[in-house]
Amino acid sequence: MSHIDLRYTSHLARLGFKPEELKVFGPQVDKILHFVEQLNKVDVEGVEPTSHPLPLANVFREDKIAPSIEMEEFLQHCPSRHGSFFKVPKIIEEKS
Amino acid sequence: MKGDASPEFLTTIGLEVHAQLSTRTKIFCGCEVRFGSPPNTLVCPVCLGLPGVLPVLNREVFLLGLRAVLAFGGAPSKLIKFDRKNYYYPDLPKGYQISQYDAPLGRGGFVEIETSGGPKRIRLNRIHLEEDAGKLIHDAAADSSLVDLNRAGVPLIEMVSEPDLESPDDAHAYLSTLKSVLKTIGVSLCDMEKGHLRCDANVSVRRAGDAVLGKKVEVKNMNSFKAVKAALQYEIGRQTEALGKGEGLYQETRLWDEAKGMTFLMRSKEEAHDYRYFPEPDLVPFFVTQEQIEAERRRIPELPRQKAARFASAYGLSAYDANLLTQDEEPAEFFETCAKIYPDYKGLANWMTGPVSAYLNEKAVSLSQTRLCPETLVGLLQLVKEGSLSLQAAREKVFPEVVGDGRDPKEVMEKKGLLQVSDEAALDEWVAEAIRSNSKVVNDFKSGKETAAMFLVGQVMRKSGGKANPGKVQELVRKRLLETAGPA
């Protein structure tokens with residue numbers, strides 16, 4: 001991969017770029033990609049892929065109930081609500 | 001265009017099943033898992049996806065998942081890690097679902113199903129852990145959808161089969177078997193009404209000679225095993241018809257519409273499947289230890305298939321009855337308790353798979369929710385066996401009170417005056433009278449009309465007010481006729 005379609009990618013991430021911003025950021029993102037791509041040249045034959053940067057594994061919590069939080073605490077920050085529900089624009093699985 | 005594909009065409013089906021794990025709390029936080037709670041009351045900063053929080057894996061989720069992997073004969077992965085599956089949907093507060101991509105909990109294993117052609121192994125590709133999403137309610141408001149996040153973060157295992165299923169019946173058997181194993185090993189309650197078990201299907205049809213599989217169609221939105229079967233039947237019919245007409249098929253996602261009994265193309269944008277998986281940096285990797293494997297193996301009881309085989313051989317039951325009895329643990333245990341005190345195993349199995357099972361289905365309850373206990377069922381069976389109670393009266397008049405109100409079968413029988421007269425002396429009187437007052441019928445019998453005897457049996461039954469034991473009466477009428485008259 002040597003090019004990122006920023007229009008497509010920014011839509012996936014729900015980032016609303018203006019056309020002039022796409023023009024500036026597009027080449028910048030590609031530059032970052034090329035920079036990182038240098039890693040492809042490193043010979044990693046026989047090297048275990050890193051699964052986590054920290055030298056930790058098997059961190060669990062026990063299956064014990066902890067208190068949940070008060071509804072008002074989070075619903076008051078929500079742009080739109082309906083009683084105890086979050087309210088969002090109508091979502092339906094569209095059928096053609 | 002319903003029905004299975006004709007032999008000219010071959011069907012290939014793979015299923016993805018999500019099962020909710022039986023834990024007290026969610027997968028990555030301590031919020032309680034409780035169905036039917038008021039909306040948005042079982043949430044915290046972790047499952048709400050607020051910034052700066054750290055998910056931590058519930059140990060029980062890991063162990064239950066491991067138990068499932070082992071029960072199906074799969075192998076736990078050497079390295080187990082979590083990944084983010086990115087997509088935007090209002091039921092997913094973080095904008096990604098924590099799931100597993102390339103290092104799932106386990107791989108391989110199989111589910112053995114019973115088909116009309118004998119047992120068949122359906123291979124599993126993988127079993128992985130993931131979090132559930134919240135719930136969307138669409139109908140409450142005209143222009144908006146409502147979001148309840150109580151379910152967000154509820155632990156699931158996803159079980160992906162290989163495309164080894166060849167018919168809707170196979171799919172149904174696979175789901176039933178999966179459900180019964182998951183329940184038996186205590187991994188999931190599999191309560192369909194609470195959405196504990198959900199299924200998506202991949203189905204393709206191809207011409208019998210074709211080496212490559214047909215175009216894979218994903219079918220979603222099926223809410224019951226019956227719906228899975230109906231949706232697959234419809235979809236196979238649709239694809240077969242298209243192939244027959246020489247029309248092209250496309251790789252697509254379709255939604256099952258239960259009311260219309262059809263699947264519809266889901267209008268989805270192309271990027272819908274661009275999930276951009278990447279490793280979940282908030283969770284460290286996991287390694288299964290030998291001790292954990294051994295401990296979970298010990299928690300796996302006798303599985304339904306093993307139990308069925310044992311029932312067939314130990315109690316001399318048909319494979320069909322043995323399978324029916326062992327689908328769920330409760331009836332199986334009930335049967336075994338009864339069998340200890342009632343040695344007519346076949347008769348017992350008939351009652352369990354007949355009246356008992358019919359009652360449970362009709363009332364939509366489980367055995368423990370009824371008042372039936374092994375002693376009362378066996379008591380009832382014994383009354384029938386010794387001839388005190390007719391089978392019909394036992395089924396229709398006594399059993400409902402025994403199962404519904406926990407009454408003693410003998411008491412019910414006596415209270416309702418259902419005691420059958422099997423006593424030969426008492427019956428003999430009625431038989432003699434019937435013979436005396438029906439000389440024409442007796443002559444008919446003498447002249448070789450065998451059915452004339454049945455008329456006399458009917459007379460005796462009427463005389464007794466239905467209380468005479470019909471088997472005994474038949475026996476006696478025949479005996480007396482032959483004695484007194486002798487056939488011509």
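Chain identifiers are assigned alphabetically (A, B, ...) following the order of the sequence lines, protein sequences preceding nucleic acid strands; residue numbering begins at 1 within each chain.
A donor-acceptor pair under 3.5 Å is absent between the side-chain atoms of A/K64 and the main chain of B/G30, judged by distance alone. At distances below 3.5 Å, at least one donor-acceptor pair connects side-chain atoms of A/H52 with backbone N or O atoms of B/P281.
Residues A/N58 and B/V284 form no side-chain contact, since every pair of their non-hydrogen atoms from C-beta on lies 4.5 Å or further apart. Between B/S145 and A/V88, the closest side-chain pair of non-hydrogen atoms falls below 4.5 Å. Using a 4.5 Å heavy-atom threshold, the side chains of A/D63 and B/R59 count as separate. Looking at heavy atoms from C-beta onward, B/E32 lies in side-chain contact with A/I65 at the 4.5 angstrom threshold. Under the 4.5 Å side-chain criterion, counting only non-hydrogen atoms from C-beta, B/V56 is not in contact with A/F60.
Using a 4.5 Å heavy-atom cut-off against chain B, the contacting residues of residues 72-80 of chain A are A/F74. At a heavy-atom cut-off of under 4.5 Å, chain B is reached by no residue from residues 38-47 of chain A.
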Candidate pair A/Y8 and B/D274, rule side chain to side chain contact (heavy atoms under 4.5 Å, CB included), full reasoning: CA-CA 11 Å; A/Y8 171 74; B/D274 193 344; 2.5 Å; yes

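Heavy-atom neighbours of B/R24 CZ from other residues, nucleotides or ligands within 6.0 Å: at or below the threshold of 12. Summarising the local packing, CD of A/E20 is surrounded by more than 12 heavy atoms from other residues, nucleotides or ligands at distances under 6.0 Å. By the 6.0 Å contact criterion, CZ on A/F17 is enclosed, its count of non-hydrogen atoms from other residues, nucleotides or ligands being greater than 12.
With chain A as the partner, the residue from B/L136, B/V61, B/L283 showing the most heavy-atom pairs under 4.5 Å is B/L283. In terms of non-hydrogen atom pairs under 4.5 Å with chain A, the most contact-rich of B/L50, B/T23, B/D148, B/N58 is B/N58.
At a 4.5 Å heavy-atom cutoff, the contact between B/L146 and chain A is made by backbone and side-chain atoms alike. For a residue to count as touching a neighbouring chain, one of its non-hydrogen atoms must lie under 4.5 Å from one of that chain's; by this rule A/L54 does not touch chain B. Heavy-atom distances place no part of B/P38 under 4.5 Å from chain A, backbone and side chain included. Looking at B/L57, both its backbone and its side chain come within 4.5 Å of chain A, counting heavy atoms on both sides. For A/K87, the parts lying near chain B are the backbone and the side chain together; criterion is any non-hydrogen pair under 4.5 Å. B/C29 touches chain A through its backbone: at least one of N, CA, C or O sits under 4.5 Å from a heavy atom, while the side chain does not. The contact between B/P285 and chain A is made by backbone and side chain atoms together, counting heavy-atom distances below 4.5 Å. For B/I27, the part lying under 4.5 angstrom from a heavy atom of chain A is the backbone only.
Of all heavy-atom pairs spanning A/I69 and B/C44, the tightest one is CG1-CA, 4.0 Å. Closest heavy-atom contact between A/M71 and B/N40: CE-O, 3.8 Å. Listed here is the closest heavy atom pair of A/S68 and B/C31: OG-SG, 3.2 Å. Between A/F85 and B/V147 the shortest heavy-atom distance is CD2-O, 3.6 Å.
For the residue pair A/R61 and B/T25, a side-chain donor N or O sits within less than 3.5 Å of a side-chain acceptor on the partner.
Rounding to the nearest 0.5 angstrom, the gap separating the OG atom in A/S51 from the CZ atom in B/F286 is 11.0 Å.
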